[in-house]
Undergrad: 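Provided herewith is a single structure, encoded as structure tokens, for subsequent inquiry.
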Amino acid sequence: MKLCRVTSSLVVVDGATSRKARGAFFTPATLCRYVADWAVRTAADQVLEPSCGEAAFLLAAGERLDTLARATGVPRGKLDGVELHEGSAREAERLVRAAGHEVRVKVSDFFLLAPTGMYDAVVGNPPYVRYQDFSGLARSRSREAALRAGVPLTGLASSWAAFTVHAALFLKTGGRLGLVLPAELLTVNYAAEVRRFLMERFARVRLVLFTERVFPGVLEEVVLLLADGYEQGPADHCELHQVRTAEDLSTLAGVARLWKPQTAEGKWTPSLMSTSALEAYIAVESAGDFTTLHEWGDTTLGMVTGNNRYFALSPARARELGLRSGELLALSPPGSSHLRGLTFTPAAYSALGASGSATLLFRPPGEPSAAARAYIEAGKRLEVDAAYKCRVRSPWWRVPLVKPADLLLTYMNADTPRLCTNRKAAHHLNSVHGVYLRPAWRQLGMDLLPLATLNSMTLLGAETVGRAYGGGMLKLEPKEADLLPVPGPLTLDAARPMLAAIRPQVAARLRRPRGLLEAAKLVDDVLLVGELGMARSDVKELRESHAELTARRVARGKASRGTD
């Protein structure tokens with residue numbers, strides 16, 4: 001719950017550590033007033049603030065009800081709150097009554113309350129407790145509450161997700177939900193079902209985004225969710241507003257920009273773009289010159305050995321063991337640092353092997369040779385056969401094969417996912433994905449797709465479809481890779497001569513430290529400006545938005561490693 005300082009005779013010491021554990025933070029008054037003014041439409045409105053803490057939203061809602069009552073002569077509606085801690089609940093009541101408003105604050109775990117469907121507006125700042133600290137009975141109650149609304153949540157969900165769903169169930173038909181939520185709402189996979197719920201149940205969904213931190217000293221970014229018309233949905237788009245700080249909400253005016261998610265549960269990360277960048281992005285998507293990676297082919301996981309150190313061997317180690325060539329397969333070594341160029345060539349493969357990289361997969365296809373049998377026995381002594389992936393297959397030492405892919409896709413990235421043409425036709429492990437191109441476009445894709453995807457549209461798209469992982473890495477699962485915006489076959493074929501001409505320059509830049517963006521500028525000039533005729537100003541917007549989203553991801557990664 002939010003930060004509660006009890007100022008009556010009951011004194012509670014509420015330090016930074018306990019506030020963090022409870023997800024407790026002061027909410028700026030300007031933000032509370034903005035939400036209350038939006039959510040409370042008539043003097044007779046019934047208003048609820050769950051987990052009310054210091055009653056900041058109840059106070060703002062009371063002022064709004066008073067203003068409307070004086071203007072219309074209509075009797076005031078009622079204010080209700082819910083608070084887990086009794087001392088905080090009593091202090092919240094005292095504060096609201098001291099301001100001249102009637103209020104009732106119930107002492108309870110909000111998730112234990114049955115939804116009433118009686119409120120015109122539910123407003124507040126839900127507790128934010130990360131999934132690592134959100135466990136036991138509290139987690140069980142929250143997931144049960146969300147399931148009552150038909151919203152399944154994974155074990156990775158933080159506290160706010162179930163709170164948002166449960167809070168909506170207290171609304172009347174047509175009611176309004178105004179919440180301060182973590183920006184995770186827009187970006188994380190576990191919030192997919194929350195996003196679906198909001199889009200399906202409400203007639204209008206508005207998001208207010210902030211370019212600076214709302215809570216001083218807290219690195220977590222927030223967004224205002226303003227959902228209107230409960231049980232009158234679905235909504236087919238989001239209304240987006242962007243301001244610098246909470247203080248700027250009072251000047252928020254003008255027509256919202258509209259943005260339509262690809263699917264109801266799809267990530268809302270594109271909403272983080274600037275207005276001009278989002279317009280340019282949507283224009284490219286709508287023109288038909290770009291498609292998704294899935295239209296080019298299928299992206300799949302690599303092979304799982306159960307023990308890469310045992311099954312992946314360097315040529316020198318294979319010679320030392322006396323293994324036959326027929327018992328070894330060409331392998332892209334574990335990891336993906338060698339796949340940051342455009343092509344994985346036979347020469348590059350040989351050079352890796354000569355330098356000691358594990359470029360061979362131990363996999364006897366039939367009866368093992370004497371040397372292979374000796375290596376298998378050595379594996380048993382090391383208990384390699386006891387690893388889960390090994391013990392569930394027979395024989396344990398024969399790794400299930402995945403055929404060599406046309407393209408290899410890096411899926412854990414500090415900068416951006418890279419496609420690399422697999423000219424060596426090497427097998428790959430699950431440290432990278434394989435892309436199998438459709439026959440009609442296979443040659444074109446192998447020749448040019450890794451080069452052509454180094455454009456600002458695709459780089460920006462990767463930030464919207466991927467997920468931020470530990471340390472600020474960008475992770476791309478196969479289903480997310482399917483959604484990656486890439487040039488379509490006809491576009492690529494038309495640009496073939498110009499792209500081929502810059503290939504040496506692009507390859508040279510990729511070999512430089514931090515040369516990715518230099519390479520992307522070359523591709524942008526040829527593909528986006530030259531072939532598609534985009535204005536350079538629009539390309540610049542895409543490029544700058546990519547830089548902003550990347551910086552946001554990296555900053556969040558640093559925050560997750562430190563204290564927030």
Side-chain angles (χ1 to χ4, degrees), residues 2 25-41 49 56-57 59-61 63-64 67 121-126 128 160 164 176-188 191 195 198 202 204-228 235 237-261 267-282 460 463-464 540-542 544-553 555-556 559 564:
K2 300 179 298 302
F25 306 102
F26 280 121
T27 307
T30 52
L31 191 153
C32 297
R33 285 195 297 271
Y34 178 82
V35 173
D37 288 350
W38 171 85
V40 180
R41 308 281 174 85
E49 182 185 1
F57 287 89
L59 287 166
E63 291 177 8
R64 173 67 169 167
T67 298
V122 176
V123 294
N125 182 359
Y128 178 60
W160 66 267
T164 301
R176 298 165 293 282
L177 183 67
L179 299 178
V180 184
L181 297 178
E184 288 180 357
L185 169 69
L186 313 177
T187 61
V188 298
R195 293 190 289 265
L198 294 171
F202 286 89
R204 291 169 296 283
V205 176
R206 178 185 297 180
L207 303 171
V208 181
L209 313 173
F210 301 91
T211 58
E212 296 185 9
R213 299 283 190 261
V214 169
F215 296 98
V218 179
L219 293 177
E220 183 62 43
E221 296 176 81
V222 300
V223 59
L224 285 190
L225 169 70
L226 306 174
D228 194 354
H237 65 271
C238 293
E239 302 174 12
L240 306 176
H241 287 281
Q242 193 169 71
V243 296
R244 189 173 60 88
T245 67
E247 297 299 323
D248 296 320
L249 286 169
S250 59
T251 64
L252 185 62
V255 178
R257 54 189 173 113
L258 306 182
W259 171 71
K260 185 175 183 178
K267 292 181 181 180
W268 294 354
T269 314
S271 66
L272 294 170
M273 301 179 195
S274 67
T275 299
S276 50
L278 183 56
E279 289 173 352
Y281 188 84
I282 292 173
L460 178 54
E463 296 292 334
T464 72
K540 182 181 178 183
E541 291 292 345
L542 296 178
E544 291 179 349
S545 193
H546 166 251
E548 290 169 3
L549 292 191
T550 300
R552 184 187 294 261
R553 164 170 55 85
R556 289 190 64 195
D564 58 342

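Not measured: the values here are computed from a predicted model.
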Undergrad: Let's go through Leu226 and Leu177 carefully: what are the C-alpha distance in whole Å and the side-chain angles of both, what is the deciding distance for side chain to side chain contact (heavy atoms under 4.5 Å, CB included) to 0.1 Å, and is it a yes or a no?
TA: CA-CA 6 Å; Leu226 306 174; Leu177 183 67; over 6 Å; no
Undergrad: For Glu184 and Ala191, which heavy atoms make the closest approach, and how far apart are they?
TA: O-CB, 4.1 Å
Undergrad: So how far is it from Leu198 CG to Thr164 OG1, rounded to the nearest 0.5 Å?
TA: 7.0 Å
Undergrad: Indicate the atoms forming the closest heavy-atom contact of Cys32 with Ala56, along with that distance.
TA: SG-CB, 3.5 Å
Undergrad: Looking only at heavy atoms, which two atoms of Trp259 and Ser271 are closest? And how far apart?
TA: CE3-CB, 4.5 Å
Undergrad: Which atom names give the shortest non-hydrogen contact between Ala246 and Thr30, and what distance separates them?
TA: O-OG1, 3.5 Å
Undergrad: Rounded at 0.5 Å granularity, tell me how far CD in Glu221 sits from CZ in Phe210.
TA: 11.5 Å
Undergrad: So, for Leu240 and Leu278, which heavy atoms are closest and what is the spacing to 0.1 Å?
TA: CD1-CD2, 3.8 Å
Undergrad: Quick one: pull up CG in Leu185 and CH2 in Trp160 and give me the separation to the nearest 0.5 Å.
TA: 4.5 Å
Undergrad: Looking at every non-hydrogen atom in both residues, tell me the closest pair between Pro261 and His237 and how far apart they are.
TA: CD-CA, 4.3 Å
Undergrad: If you apply the rule side chain to side chain contact (heavy atoms under 4.5 Å, CB included), what do you find for Trp268 with Val205, and how did you get there?
TA: CA-CA 12 Å; Trp268 294 354; Val205 176; 4.2 Å; yes
Undergrad: Please determine which of Leu249, Val222, Val35, Val223 meets the side-chain contact (heavy atoms from CB on, under 4.5 Å) test together with Val208.
TA: Leu249
Undergrad: Can you sort out the partners of Leu460 under side chain to side chain contact (heavy atoms under 4.5 Å, CB included), two or more places apart, ordered by chain and number?
TA: Met273, Tyr281, Leu542, Ser545, His546, Leu549
Undergrad: Could you pull out all residues at least two apart from Lys540 that satisfy side chain to side chain contact (heavy atoms under 4.5 Å, CB included)?
TA: Glu544
Undergrad: Kindly indicate whether the side chain of Leu31, heavy atoms from C-beta on, has any atom under 4.5 Å from the side chain of Leu224.
TA: yes
Undergrad: As a quick check of understanding, evaluate side chain to side chain contact (heavy atoms under 4.5 Å, CB included) for Leu272 and Leu186, giving each step before the final call.
TA: CA-CA 8 Å; Leu272 294 170; Leu186 313 177; 3.4 Å; yes
Undergrad: Who pairs with Arg204 by side chain to side chain contact (heavy atoms under 4.5 Å, CB included), at least two apart in sequence or on another chain?
TA: Asp228, Glu239
Undergrad: Looking at residues at least two apart in the chain, or sitting in another chain, which of them share a side chain to side chain contact (heavy atoms under 4.5 Å, CB included) with Arg64?
TA: Asp37, Val40, Leu68
Undergrad: Could you walk me through whether Ser274 and Glu541 pass side chain to side chain contact (heavy atoms under 4.5 Å, CB included), step by step?
TA: CA-CA 8 Å; Ser274 67; Glu541 291 292 345; 3.7 Å; yes
Undergrad: The criterion is side-chain hydrogen bond (donor to acceptor under 3.5 Å, both in side chains); which residues satisfy it with Glu463, sequence neighbours excluded?
TA: Thr550, Arg553
Undergrad: Hey, could you give me the CG/NE2 distance between Asp248 and His241, rounded to the nearest 0.5 Å?
TA: 14.0 Å
